Amino acid sequence: MSIPYVKMNGIGNEIVVLDLRGRPETVTAEAARAIGTREPFDQLMVLYAPRRADTLAFMRIFNIDGSESFACGNGTRCVGRRLFEAGAPSPCFVESRAGLLRIEKAGELVTVDMGEPRFAWNDIPLAEPFADTRAIELQIGPIDDPILHSPSVANIGNPHAIFWVDDVAAYDLSAIGPMLENHPIFPERANISLAHVTAPDALTLKVWERGAGLTRACGSAACAAAVSAARTRRTGRKVRVTLPGGDLVIDWTAENRILMTGATEFEHDGLLPADIFASAAA
C-alpha cells in the first residue's frame, strides 16, 4: 500500500505535507530521514487526527535530519492552503507542539498567527543567564575584530539568533552556520540568521536553519528577525522580510501576536511506500 504526499513550497522553503489523519501510520525520526532521501525537503509537515474539537489536525514537524521542530511558519501556510482547498473555513486552527495555530486566507496569500515571541534567556533556551537578550555576548573571529558579534535572540517555537550586518551576501553562512547552530550557548541548537535593515519597514534575511542547513526561506526566522528589529528600534512592528525565495510580511501586533503572510506554491504530489513506516516502527 502506498501513502500519498504533496510537495509544496512557501517562498522557496521546500515542504512535504503528509496527511495521516484517519491512518494508523506514524512518523519517527528514522522515517522522516527515509522520506527525505526519496523526496528532499526542508520540513516535513505531518498531520494526525485532531486532539481538540476546535482544530482540524494535530501537526508534527520534522527537519530532513530527522530532528523535530516545534514551528515552521512557511510549512504551516502550506498546510493551510491544502486545508482551504479541501473546503476548510477561513480562519481554521491546527494544533502543534508549540500550541494552537490560527490560519486564514489573505486573498491569494495565506496568513498564520505564529503566537507570542519569547525573549527570556531560559525560554530560548540559552546555556547561561542573560538579562538582556536584545544583544548577547557571542562572537566569532578575533576578539578585537570579530566577524560576527552580539546577536539578538528569540524563541518563535524554536530558538533563533539574529546577527545584524550591512550585507548578508558578504558572509559565507554555509561555512559559519553549522558552528553557530551547534555553539554551546544553544543547548537545543539554534537557527542562525544574518539580517540587514534596508528601511524602517524592511529587512533582508539569510538563514541557516537548525536541522536543515542553508534554506531559501524560513518563516520562523523571518518572525524572529522582525520582532528583534522592532525590539532594538531598528524598524517598526510591521515589516517586509526579503529572503532568497521571496517576501514575507510580518506584523507584530499590539496584542503581542506575530502574523506572517506570504505566498505558497504547489509543486507535485507523489506516493510513499508503506514499508518506510513499517521499518521505522520495527
Side-chain angles (χ1 to χ4, degrees), residues 1-8 10 13 15-29 31-32 35 41-63 66-118 123 155-158 219-220 222-223 227 248-264 266 269 271-272 274 276-277 280-281:
M1 178 185 297
S2 297
I3 299 171
Y5 69 90
V6 174
K7 180 70 176 292
M8 304 180 70
N13 203 173
I15 303 296
V16 168
V17 179
L18 182 61
D19 191 346
L20 297 181
R21 290 176 296 175
R23 303 189 63 100
E25 293 86 4
T26 190
V27 174
T28 63
I35 292 168
F41 57 79
D42 294 322
Q43 274 75 42
L44 169 66
M45 316 296 291
V46 186
L47 301 183
Y48 294 105
R51 305 190 305 186
R52 296 174 44 148
D54 56 348
T55 64
L56 297 180
F58 178 77
M59 181 173 70
R60 293 182 67 186
I61 307 166
F62 292 89
N63 301 312
S67 62
E68 192 166 358
S69 177
F70 284 14
C72 176
N74 285 323
T76 303
R77 291 190 305 100
C78 289
V79 167
R81 174 174 167 176
R82 295 295 295 175
L83 294 173
F84 296 141
E85 289 172 342
S90 176
C92 66
F93 296 85
V94 297
E95 183 187 7
S96 76
R97 294 184 67 180
L100 199 63
L101 298 170
R102 183 181 190 271
I103 314 170
E104 64 181 316
K105 295 178 182 178
E108 296 298 315
L109 307 179
V110 178
T111 297
V112 59
D113 183 340
M114 296 289 287
E116 298 183 355
R118 291 182 288 169
D123 284 335
N155 186 297
I156 315 293
N158 44 34
S220 61
C223 294
V227 298
L248 293 168
V249 174
I250 310 298
D251 184 5
W252 185 18
T253 71
E255 295 73 33
N256 196 31
R257 310 294 296 185
I258 307 174
L259 306 182
M260 181 179 68
T261 302
T264 59
F266 172 85
D269 51 23
L271 296 171
L272 294 170
I276 285 182
F277 303 92

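Keep in mind that what you see is a predicted model, and the values were worked out from it rather than measured.
- Counting only heavy atoms from C-beta outward, the side chains of Trp252 and Pro117 approach each other to under 4.5 Å.
- Here the closest non-hydrogen pair linking Ile103 and Gly80 is CG2-CA, 3.8 Å.
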So Asp19 and Val46, side chain to side chain contact (heavy atoms under 4.5 Å, CB included) or not? Walk me through it.
-> CA-CA 6 Å; Asp19 191 346; Val46 186; over 6 Å; no
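- Looking only at atom types and distance, the side chain of Ser69 has no donor-acceptor partner in the side chain of Asn63 under 3.5 Å away.
- Without hydrogens or angle criteria, Asn158 side chain to Ala71 main chain gives a donor-acceptor distance under 3.5 Å.
- Interatomic distance, OH of Tyr5 versus CD1 of Ile15, reported as 14.0 Å (0.5 Å rounding).
- The side-chain heavy atoms of Val79 and Leu47, taken from C-beta on, include a pair separated by under 4.5 Å.
- By the side-chain contact (heavy atoms from CB on, under 4.5 Å) test, Ser96 pairs with Met59, Ala98, Leu101, sequence neighbours left out.
- Between the side chain of Arg97 and the backbone N or O of Glu68 there is no donor-acceptor pair closer than 3.5 Å.
- You'll find the side chain of Gln43 reaches within 4.5 Å of the side chain of Asn13, heavy atoms only.
- Nearest heavy-atom pair across Ser2 and Arg23 is O-NH2, 4.4 Å.
- Every residue two or more places apart in sequence or in another chain that forms a side-chain contact (heavy atoms from CB on, under 4.5 Å) with Ala106 is listed here: Leu109, Thr111, Thr261.
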Check the pair Ile3 / Phe277 against side chain to side chain contact (heavy atoms under 4.5 Å, CB included), numbers first and verdict last.
-> CA-CA 10 Å; Ile3 299 171; Phe277 303 92; 3.4 Å; yes
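- Residues Gly73 and Met114 come closest through the heavy atom pair CA-SD, 3.6 Å.
- Closest non-hydrogen pair, Thr76 versus Met45, comes out as N-CE, 3.6 Å.
- Residues Arg118 and Asp123 come closest through the heavy atom pair CB-CB, 4.0 Å.
- Take Phe93 and apply the side-chain contact (heavy atoms from CB on, under 4.5 Å) test, not counting sequence neighbours, and it matches Thr55, Leu100, Arg102.
- With respect to the salt-bridge test (charged N to carboxylate O, under 4.0 angstrom), the residues Arg257 and Glu255 do not qualify.
- Cys78 contributes atom SG, which lies 11.0 Å from atom CG of Leu83 (distance to the nearest 0.5 angstrom).
- Between Arg60 and Val27, every side-chain heavy-atom pair lies at or beyond the 4.5 Å cut-off.
- Of all the heavy atoms in Arg21 and Ala57, the pair that sits closest is CD-CB, 3.8 Å.
- To the nearest 0.5 Å, atom CD of residue Glu108 and atom CZ of residue Arg81 are 8.5 Å apart.
- By the 6.0 Å and 45° rule, Lys105 stacks over the aromatic ring of Phe84.
- Residues Val16 and Val6 have side chains not in contact (no heavy-atom distance under 4.5 Å, counting atoms from C-beta outward).
- Heavy-atom contacts from other residues, nucleotides or ligands closer than 6.0 Å to CD of Glu85 number more than 12.
- Side-chain contact check for Thr264 versus Asn74: every heavy-atom pair is 4.5 Å or farther apart.
- Between Ile35 and Ile276, the closest side-chain pair of non-hydrogen atoms falls below 4.5 Å.
- Among Leu44, Ile61, Asp42, the single residue meeting the side chain to side chain contact (heavy atoms under 4.5 Å, CB included) criterion with Cys72 is Ile61.
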Assess whether side chain to side chain contact (heavy atoms under 4.5 Å, CB included) is satisfied between Leu259 and Thr253, documenting all intermediate values.
-> CA-CA 8 Å; Leu259 306 182; Thr253 71; 3.9 Å; yes
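- Looking only at side-chain heavy atoms (C-beta outward), Phe266 and Arg82 come within less than 4.5 Å of each other.
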Passes side chain to side chain contact (heavy atoms under 4.5 Å, CB included), Ile156 versus Ile258? Steps please.
-> CA-CA 9 Å; Ile156 315 293; Ile258 307 174; 3.7 Å; yes
